[in-house]
2 protein chains.
Amino acid sequence: MVHDNRAFSEVLDRLREAGLRPTRQRMALCKLLFEKGDCHVSAENLHAEAKSAGIKVSLATVYNTLHQFTDVGLLRQVVVDNSRSYFDTNVTDHHHFFVEADGHLVDIPAEAIDIGKLPKTPPGTNVDRVDVIVRVSPSRRK
Amino acid sequence: MVHDNRAFSEVLDRLREAGLRPTRQRMALCKLLFEKGDCHVSAENLHAEAKSAGIKVSLATVYNTLHQFTDVGLLRQVVVDNSRSYFDTNVTDHHHFFVEADGHLVDIPAEAIDIGKLPKTPPGTNVDRVDVIVRVSPSRRK
DNA sequence: AGAAAATATTAGAATTGTTCTAATATTTCA
DNA sequence: TGAAATATTAGAACAATTCTAATATTTTCT
């Protein structure tokens, strides 16, 4: 089997830099995740995508991989719905619209929301991150 | 058994207004939830509190009640952690600090955070609510 | 390259938080 | 009070996720 060497080595480097062995499964998931621009996936979701792309990978590995990628900063976890976890390939500072009706996320660039001020944090704590979730729903037809 | 008639009738009214029958369990949970100021509870958590307060109520009823109270606007659900649901007795407009280390929430008054502007919502949608979650963690000791 | 050590993957079992079911109990109201 | 409406319950079912421990792959060492 032949593959695109440019894409291949980019993905390979990405994993190597992160200190993760470039295994067949990780490479494949990496390509699925990063070769088509920003996206938000759930584990089941990515597992299904992998399957339909002909990649043989277990659900356990998908979970492992998503967590490892998150740990090394390749992904960011977004909490919007407590029945499912979403992972975002956009790890830069930004926020989200969440369309509750269909459980789908849309990025909001950091500069589109401007948080004027923050109150002081509870004693003995520091801010890790500020998440803004704008929950929207389909507008009723006029 | 005797009870405080003032508190009793307040709770009773609250349920009546919401169109919920004032059953023994709902009254008891209502008192636990609202008689001690703003608080954030999970179902398991409230169930345990009820048990230790000597209230006999099943976990299923705790879940039912939390959802019913949420539906009628007595509670608000807060999504910060996808392993557990939190319900907030403060239903006014406000935000949260979330201390990830111990999974605990602290209210931030609405006016303490000022969201300068919001980008336009995805086509065909309206904003339901804007949730700001400031994730904090214990600061490392100097 | 070949062998040993280190790390990954996997299927399926286990766990967790939550929801469902359907039988029983309580509450309402005429 | 008694029929109809609504609640509660124990336990089963469920869905997402994590764990287990056996097997496979990858890396390292010589």
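Only heavy atoms go into these numbers, but all of them, side chains included; no hydrogens, no water, no symmetry mates. Labels below follow one simple rule: chain letters A, B, ... track the order of the sequence lines, proteins then strands, and each chain is numbered from 1.
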Closest nucleotide among [options] to the [X] side chain:
X	options	result
B:Thr23	C:dT9, D:dG11, C:dT27	C:dT27
B:Ser58	D:dT9, D:dA7, D:dT26	D:dT9
A:Ala60	C:dT18, C:dT9, C:dT10	C:dT10

Starting from [atom2] on [N], measure out to [atom1] on [X] and report it in whole angstrom.
X	N	atom1	atom2	result
A:Asp71	C:dA8	CG	P	12 Å
A:Ile55	C:dA8	CD1	C1'	17 Å
B:Gln25	D:dT8	CD	C1'	6 Å
B:Arg84	C:dT15	CZ	P	17 Å
B:His67	C:dT19	NE2	C1'	9 Å
B:Arg16	D:dT6	CZ	P	15 Å
B:Tyr63	C:dT16	OH	C1'	9 Å
B:Leu59	C:dT16	CG	P	14 Å

Item checked: Donor-acceptor pair between B:His40 and B:Asn90 side chains, under 3.5 angstrom ->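 No - no donor-acceptor pair under 3.5 Å links their side chains.
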Check: If you measure only the distance, is there a donor-acceptor pair under 3.5 Å linking the side chains of B:Asp88 and B:His94?
Finding: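 Yes, B:His94 and B:Asp88 have a side-chain donor paired with an acceptor closer than 3.5 Å.
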Does [X] reach a base, just sugar-phosphate, or nothing at all? Heavy atoms under 4.0 Å.
X	value
A:Arg21	base
A:Ser85	sugar-phosphate
B:His47	nothing

Margin query: Apply salt bridge (Lys or Arg N to Asp or Glu O under 4.0 Å) to residues B:Lys36 and B:Glu49 and explain how you reach the verdict.
Written below: CA-CA 13 Å; B:Lys36 57 161 192 234; B:Glu49 264 188 69; 2.8 Å; yes
Check: For DNA chain D, whose closest nucleotide is more 5', that of B:Lys56 or that of B:Asn82?
Finding: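 First, find each residue's nearest nucleotide; the 5'-ward one identifies B:Lys56.
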Note to self: For A:Phe34, does the six-membered ring have the charged nitrogen or CZ of A:Arg14 within the cation-pi criterion, i.e. under 6.0 angstrom from the centroid and within 45° of the normal?
What the structure shows: yes
Checklist line | Upstream residue (5' side of DNA chain C) when B:Pro22 and A:Leu20 are each assigned their closest nucleotide | finding: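 The residue whose closest nucleotide sits nearer the 5' end is A:Leu20.
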Next item on the list: For residues B:Leu15 and B:Met27, report the shortest heavy-atom separation together with the two atoms involved.
Entry: CD1-SD, 3.6 Å
Notebook entry, point to check: Taking only side-chain nitrogens and oxygens of B:Arg26, does any of them come within less than 4.0 Å of OP1 or OP2 of D:dA7?
Noted result: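 Checking D:dA7 against B:Arg26, a side-chain N or O does come within under 4.0 Å of OP1 or OP2.
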